[in-house]
Chemist: 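One structure coming up, written as structure tokens, with questions to follow.
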Amino acid sequence: MALGNGLAGANGERSSSGKSDRLLKILSKYEGVVLLSHIHPDPDSLGSMMGLDHLIRTKLNIPVTLTRDGFIGRAENQAMVRCLKLNLTPIEEVDWEAKQAVVMVDSQPKTGRHTIPEDLKIHAVIDHHETSGETQGVPFVDIRSSVGATCTIVTGYLMEQQIDLPAELATGLYYGIESELTGFPREATRFDDGAAMYLYLDIDKDLLAQIQNARLPHSYFETLIEALQNSFTYGKLITSWTGELPQAELAAEIADFLIRFEEVEWSFCAGIYREHLVMSLRTVHADGRAAYVLQDVVKGLGRAGGHDRRAGGSIPLQSNSATALDQLRSTLRKRLLTALDIDECRGQRLVSKREQLLNLQT
Ligand SMILES: [Mn+2]
């Protein structure tokens, strides 16, 4: 099928099964495989692990362990795990044996996004992030930053190997791609669309709808109103500050929501999660280099990474005091304004205090 060749050639390669053949050859020397993804796995990580699990078990018939680093908080992601019956081993419970190969998906080593042992040997890295990690000495590396989702790359492997996809797997891979490609401008290539099309007929549409429309907890609405009440615009930028986040991924959801505000080009949201300030940055610009902007903003304080339109980061909090937190926020705000070339100015509330009070009285 032409689509298969297109996907396999995403990296300019001519051979239609080169990458997956090489990956399988490397993994075949081991008795089992452990699949890792970044902390707080998202649908792209989960779908990629599902796809590789199926690929490895079908072709090599060796046991595969899917892992979970940190918690999965986002309702849709929890629904994905539940509806698609994913069996995830908490990363701290993994027995690191030399006989097992370790495959990292949707992230790269030494990017501060994992809680694995420092010296753990990684045998393969499959990713699409713009910001790079350390892959020296890793036997198999397939990083394509132009591709919209890691699930697209993994779907390509399954197509190359001509493996039938159970409905739950097709659903997982499809949702992984879909969730990475939302937003405008789309960060996608024809390979992403080709993979999505290839998967589409095999998806369980009811399961997909259940995941997309996952029921939301009370804390979601509380945090949302807190974020809206603490949103400020500075010219083309909107910032939003929340206190404790009920789950780490909420900062990203709020930044995604605020970037649709017609008066801004950049949105930033930060909240506290487990002694860290968790941040998300979004832009409407296709070539916005958001990941590098956020890396500049957190320089010397924490870590960040991501893509052109979307970036995430975190800063370990030294102290819980309100003053220290205020100071950190003010530093980040100043750095953001500088990085985005916005003159120092007073932020305008998205919803004025007067309106907030009036709303309470009605
Ligand atoms: Mn991804």
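Counting starts at 1 for both ligands and their atoms, following the listed order.
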Chemist: What pairs with K85 under salt bridge (Lys or Arg N to Asp or Glu O under 4.0 Å), at least two apart in sequence or on another chain?
Modeler: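 Residues passing salt bridge (Lys or Arg N to Asp or Glu O under 4.0 Å) with K85: E168.
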
Chemist: Ring of Y200, cation from K205 - is the NZ or CZ under 6.0 Å from the centre and inside 45° of the axis?
Modeler: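 Yes, cation above the ring, under 6.0 Å and within 45°.
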
Chemist: So which of the N, O or S atoms of D44 lies nearest the Mn ion (ligand 1)?
Modeler: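 Per the distance ranking, D44 contributes OD2 as its closest N/O/S atom to the Mn ion (ligand 1).
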
Chemist: Starting from the C-alpha separation in whole Å, work towards a yes-or-no answer on ring pair (Phe, Tyr, Trp, His ring centres under 6.0 Å) for W266 and Y234.
Modeler: CA-CA 10 Å; W266 292 82; Y234 303 82; over 10 Å; no

Chemist: Measure from the Mn ion (ligand 1) to every N/O/S atom of H128 and report the name of the nearest one.
Modeler: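 The Mn ion (ligand 1) is closest to the H128 atom NE2, counting only N, O or S.
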
Chemist: For the residue pair F140 and Y157, does the interplanar ring angle fall in the parallel (under 30°), tilted (30 to 60°) or perpendicular (over 60°) class?
Modeler: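 Taking Y157 first and then F140, their aromatic rings stand perpendicular (interplane angle over 60°).
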
Chemist: Nearest N/O/S atom of D106 with respect to the Mn ion (ligand 1), by atom name, please.
Modeler: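 Of all N, O or S atoms belonging to D106, OD1 is the one nearest the Mn ion (ligand 1).
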
